[in-house]
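Reviewing the structure listed below.
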Number of protein chains: 2
Amino acid sequence: MPDIPKKVPQVERAMERLGDAAYRQMKERIIRGVYRPGHKLTVRAVAQDLDVSTTPARDAINRLTSEGALVYTGPKTVVVPVLDSTALREITLTRLALEGLASEQAAQHGTPVDVEELKSLQRLINSALDEKRYAEALWHNKEFHFAIYRLSGLPHLVSIIESLWLRIGPSLHNLYPEFAEEKYGVRNHEIAMEALEERDAASLRAAMENDIRDGYRRLKRANQEKEGDCSA
Amino acid sequence: MPDIPKKVPQVERAMERLGDAAYRQMKERIIRGVYRPGHKLTVRAVAQDLDVSTTPARDAINRLTSEGALVYTGPKTVVVPVLDSTALREITLTRLALEGLASEQAAQHGTPVDVEELKSLQRLINSALDEKRYAEALWHNKEFHFAIYRLSGLPHLVSIIESLWLRIGPSLHNLYPEFAEEKYGVRNHEIAMEALEERDAASLRAAMENDIRDGYRRLKRANQEKEGDCSA
DNA sequence: TTCACATTTTTGTTGCAACAAAAATGCAGC
DNA sequence: GCTGCATTTTTGTTGCAACAAAAATGTGAA
């Protein structure tokens, strides 16, 4: 008898599986730019962070890795990916295609109720910006975009777009300190809402594409400055 | 390091983790349409199938699930998703955007060597079709497409396209019996190769889009017939 | 200092057992 | 035949420990 009966831990609550919860929380943190690009993630550290055992933590890390949200830099080291300017450009290109498509489709399904919801989200963005709660502004910005994309009625597309946001999320980290000297994309959002109201697919797509390009420039600049800091 | 120390990592070849191997094999089977849509997957069955313990099997299933390649139909049941005509259309729409983009970019980077490789792949497709080895033809067809997409130099984009193929893969299962009365997309492939040779981005994109649309029609028809069988 | 090497620590992986819950099965009663 | 309910079987989840391999650290020499 190699093993003595082990003490079995009982988990009373488990509506959501621990692995899923860990995955979801990690995902949210990555999209929010909580982790600095290059940050190393270890199974045990994540487990301790989220207060679960190693199994769900490893589960979450593996899932995020096979989605490209995390990457291997060595046989035993998973890190939050560092996007160079090439990768940033590539993802932006893909975002333009996908989020442009979603916007176009959304224009055909939007209702006045949806526009109201967007306006409400925009108010949240504005007040967060006014009070310099940039992380919150960024989060509401994400919700604004996805509220539109969901209107497309194309759930597969939306989930793929989400995986793209997962990849650029870490770059937002560099944005935090000196974020948003000017209002972040407010004008584009206003145009987008107007276009949605008028069911103008081309305009909505253009507005969203503009917003994406705008964010891209901001991100590129922030990353360049960051690289400058490191090499200097 | 020009000098080689005595403790050299002899086994330089990547020791693949069991979880990764399981994931990769499952992925390949799904893309190839080995599993019938609706097929239920259990941890223990997969483990026995791939001759690993439950941990790597569960790992693979979880990863595929969070990528959308498998879906939950109950709290404890993961199945190969059944695509209805709406979902099929949505994925095709997304494929057109993404694979169209990849094709355009590929046209700008293709070399004569690449064209030769494509021709060689096309020969494999043709001979497989001639000898009615349809599964093989389908596989080479996938390689043909991705050989082009990889020329785009956009690895993120390619990996996202792969996740889309993962979602339509199961539908290919319905295609197997009466597959390919006519030659599958041969004409489109020929045009694509010609366009690549001439670095004609628009033509290459058009050819690939045509191929996708062609496959879509075929798939739609096969699925309808399948549904007809079930309800009859 | 810097480099190379040996030692220690950290870390991912894997198999397994026990549990809880879902799915399958049996069975009685109609 | 079918339906509803209780029982049995199947199944996913989770924590854990042992192991191997990689990373970190220490050490000493030039």
Side-chain angles (χ1 to χ4, degrees), chain A residues 1-26 35 38-67 69-81, chain B residues 1-26 35 38-67 69-81:
Chain A
M1 186 107 71
D3 279 329
I4 299 244
K6 293 167 188 169
K7 181 66 188 163
V8 174
Q10 301 187 20
V11 182
E12 275 302 309
R13 45 132 185 164
M15 281 284 288
E16 192 183 21
R17 302 195 297 295
L18 291 182
D20 284 351
Y23 170 68
R24 194 175 39 76
Q25 287 180 58
M26 291 288 298
Y35 296 118
H39 183 263
K40 181 178 172 183
L41 291 166
T42 69
V43 171
R44 287 166 175 87
V46 170
Q48 193 172 355
D49 239 9
L50 305 181
D51 202 47
V52 292
S53 85
T54 60
T55 309
R58 199 182 81 94
D59 200 14
I61 291 178
N62 277 340
R63 288 201 230 178
L64 289 165
T65 302
S66 67
E67 280 179 57
L70 299 175
V71 296
Y72 279 93
T73 57
K76 276 189 159 171
T77 32
V78 197
V79 302
V80 177
Chain B
M1 283 319 146
D3 197 87
I4 304 215
K6 52 181 164 185
K7 173 149 190 204
V8 84
Q10 287 187 17
V11 197
E12 184 59 50
R13 57 186 302 272
M15 249 261 290
E16 196 180 24
R17 302 193 294 291
L18 290 182
D20 284 351
Y23 170 68
R24 192 176 40 76
Q25 287 180 57
M26 292 288 299
Y35 295 119
H39 184 263
K40 182 178 172 184
L41 291 166
T42 68
V43 171
R44 287 167 175 88
V46 170
Q48 193 171 354
D49 239 10
L50 305 180
D51 203 47
V52 293
S53 85
T54 61
T55 308
R58 199 183 81 93
D59 199 14
I61 291 178
N62 278 339
R63 288 201 230 178
L64 290 165
T65 302
S66 68
E67 280 179 58
L70 299 175
V71 296
Y72 279 94
T73 56
K76 275 188 159 171
T77 34
V78 252
V79 302
V80 177

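Chain identifiers are assigned alphabetically (A, B, ...) following the order of the sequence lines, protein sequences preceding nucleic acid strands; residue numbering begins at 1 within each chain. All of these numbers come straight from a predicted model, not from anything done at the bench.
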Beyond-backbone contact of [X] with [Y], side-chain heavy atoms, under 4.5 angstrom:
X: Glu16(B); Y: Arg24(B); value: yes
X: Arg17(B); Y: Asp59(B); value: no
X: Gln48(B); Y: Thr42(B); value: no
X: Val80(B); Y: Leu70(B); value: yes

May I have the distance from [X] (atom [atom1]) to [N] (atom [atom2]), rounded to whole angstrom?
X: Leu50(B); N: dG15(C); atom1: CG; atom2: C1'; answer: 16 Å
X: Arg44(B); N: dA18(C); atom1: CZ; atom2: C1'; answer: 11 Å
X: Arg58(A); N: dT11(C); atom1: CZ; atom2: C1'; answer: 12 Å
X: Gln48(B); N: dG12(D); atom1: CD; atom2: P; answer: 13 Å
X: Lys40(B); N: dT9(D); atom1: NZ; atom2: P; answer: 17 Å
X: Asp59(B); N: dT13(D); atom1: CG; atom2: P; answer: 11 Å
X: Leu41(B); N: dG12(D); atom1: CG; atom2: C1'; answer: 13 Å
X: Leu64(B); N: dG12(D); atom1: CG; atom2: P; answer: 14 Å

Worksheet item: Of Thr55(A) and Ile61(A), whose closest DNA chain C nucleotide lies nearer the 5' terminus?
Response: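 Per heavy-atom nearest nucleotide, the more 5' residue is Ile61(A).
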Check whether any side-chain nitrogen or oxygen of [X] sits under 4.0 Å from OP1 or OP2 of [N], and answer yes or no.
X: Arg17(B); N: dT13(C); answer: yes
X: Ser53(A); N: dG15(D); answer: yes
X: Thr77(B); N: dA23(C); answer: yes

Discussion item. Rounded to the nearest 0.5 Å, what separates atom OG1 in Thr65(A) from atom OH in Tyr23(B)?
Written reply: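 That separation rounds to 10.5 Å.
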Discussion item. Base of dG15(C), side chain of Thr54(B) - is there a donor-acceptor contact under 3.5 Å?
Written reply: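 No such pair is found, so the answer is no.
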Discussion item. Once hydrogens and angles are ignored, does a donor-acceptor distance under 3.5 Å link the base of dA23(C) to the side chain of Lys76(B)?
Written reply: no
Worksheet entry | Position toward the 5' end of DNA chain D (nearest nucleotide), Thr73(A) or Gly19(A) | Gly19(A)
Fill in: Selected nucleotide, minimal atom distance to Thr42(B) side chain, candidates dT14(D), dT11(D), dA23(D)
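Nearest nucleotide to the side chain: dT11(D).
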Practice prompt. Please determine, for the side chain of Tyr72(A), which listed nucleotide (dT13(D), dT14(C), dT13(C)) has the closest atom?
Written response: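 From the listed options, dT13(C) comes nearest.
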